Amino acid sequence: MKRVIFISLIVFLVSLKSAAQPTPIYPLGAINTLTPLFQWSVVPSATSYHLQVYAGPSVVIDQIVVENVYQTPTGVLSVNTQYYWRVASVSLSGTVWSGNMNFNISLLPDPPVLLLPADGALLCSSSILFDWTDVTGALSYRIQVSADSNFSYTVLDVSGLTNSGYTLTASIINYNTLYYWRVMAYYSGGNTNWSVKRRFIVGSVPAPPVYITCPVGIIHTLTPAFIWSPSPGIIAYRVMFSTSPAFSLMLYDTTVY
């Protein structure tokens, strides 16, 4: 009896799907950070990604990462340098590179630092002096004063100031009202961010004291009495004696409470 042996041949084909090309997202063009977070589109079939960053012919970053982002460490990139970068998706079917992208880092100068008036100052003057630090390379400055902390409206908005200071006539604002102020600088490449904001209040300027008893001419005592009328709201008085009408040579200067 003959035995018939059947051999079954099973043929199967494994098809590896080609990996897609990742799309660079950031950084592109002009940026203002030395530590950009590189980002690109997700490729579902990718097991990892290969990032390369060039400055001219030199490679400054060459990293294999498993996610679609890469955080640049400090001390790697420099300002005012043209960089080129590309990223590849790596899978079982191979490596597929994106096109080359470029970016340039141009950092913004720091905004001005506000000096005067001090934050929360209570001012009693017919004019207010605003002062702030110079910004290297600044061409002009802009100052805003508002009774709203968000500066949705302003009582003062002046641009084109070439000096780091401005004097405001207090008559354009209301007494005993809290105000906020801030400054920005303009330079050849644009403008800085706004400075931090400060607050101030302007109180009404009291009338000067009126003398009641005041030595005049030649007197015959070394301890004369000076008496003046009190002014409402005043907590202290300043008394000065000088041999000069301009008070350039001071003999006595004290505060009386």
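Along the sequence shown, residues carry numbers from 1. No experiment lies behind these values; they were computed from the predicted model shown.
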>> So does Ser242 get a backbone contact from the side chain of Ser244, meaning a donor-acceptor N/O pair under 3.5 Å?
In response: no
>> Tyr54: which residues meet the side chain to side chain donor-acceptor pair (under 3.5 Å) condition with it, sequence neighbours left out?
In response: Gln52
>> For Leu114, is there any backbone N or O sitting under 3.5 Å from a side-chain donor or acceptor partner on Ser195?
In response: no
>> When you measure from the side chain of Ser89 to the backbone of Val43, do you find a donor-acceptor pair of N or O atoms at a distance under 3.5 Å?
In response: no
> Do Phe226 and Phe241 have ring centroids that are under 6.0 Å from one another?
Replying inline: yes
> With sequence neighbours excluded, what pairs up with Leu222 under the side chain to side chain contact (heavy atoms under 4.5 Å, CB included) test?
Replying inline: none
> For residues 22-53, which residue pairs qualify under ring-ring contact (aromatic ring centres under 6.0 Å, His included), counting only residues two or more places apart or in two chains?
Replying inline: Phe38-Trp85, Phe38-Phe103, Trp40-Tyr49, His50-Trp97
N/O donor to acceptor pairs below 3.5 angstrom from side-chain atoms of residues 130-140, sequence neighbours left out:
residue, atom, partner, partner atom, Å
Thr133, OG1, Val113, N, 2.9
Asp134, OD1, Ser164, OG, 2.6

Let me check something: any side-chain donor-acceptor pairs from residues 177-185 under 3.5 Å, sequence neighbours excluded? List them with distances.
residue, atom, partner, partner atom, Å
Thr177, OG1, Tyr175, O, 3.3
Tyr179, OH, Asn174, N, 2.8
Arg182, NE, Gln144, OE1, 3.0
Arg182, NH2, Gln144, OE1, 2.8

> Got a sec, which pairs hit salt bridge (Lys or Arg N to Asp or Glu O under 4.0 Å) with one end in residues 39-64, sequence neighbours left out?
Replying inline: none
>> Can you list everything that forms a side chain to side chain contact (heavy atoms under 4.5 Å, CB included) with Thr167? Sequence neighbours excluded, please.
In response: Ser127, Leu129
> Is the side chain of Arg198 donor-acceptor paired with the backbone N or O of Pro117 at a distance under 3.5 Å, no angle test?
Replying inline: yes
> What residues, two or more places apart in sequence or in another chain, satisfy side chain to side chain donor-acceptor pair (under 3.5 Å) together with Ser152?
Replying inline: Asp148
>> Quick one: does any side-chain atom of Ser41 pair with a main-chain N or O of Thr23 as donor and acceptor, under 3.5 Å?
In response: yes
> Could you give all pairs that pass the side-chain hydrogen bond (donor to acceptor under 3.5 Å, both in side chains) test and reach residues 70-79, with sequence neighbours left out?
Replying inline: none
> Who are the side chain to side chain contact (heavy atoms under 4.5 Å, CB included) partners of Leu122, not counting sequence neighbours?
Replying inline: Ile201
> Pairs in or reaching into residues 102-128: which pass salt bridge (Lys or Arg N to Asp or Glu O under 4.0 Å), with residues at least two apart or in two chains?
Replying inline: Asp119-Arg199
> Which residues pass the side chain to side chain donor-acceptor pair (under 3.5 Å) test with Asn102, sequence neighbours left out?
Replying inline: Gln82
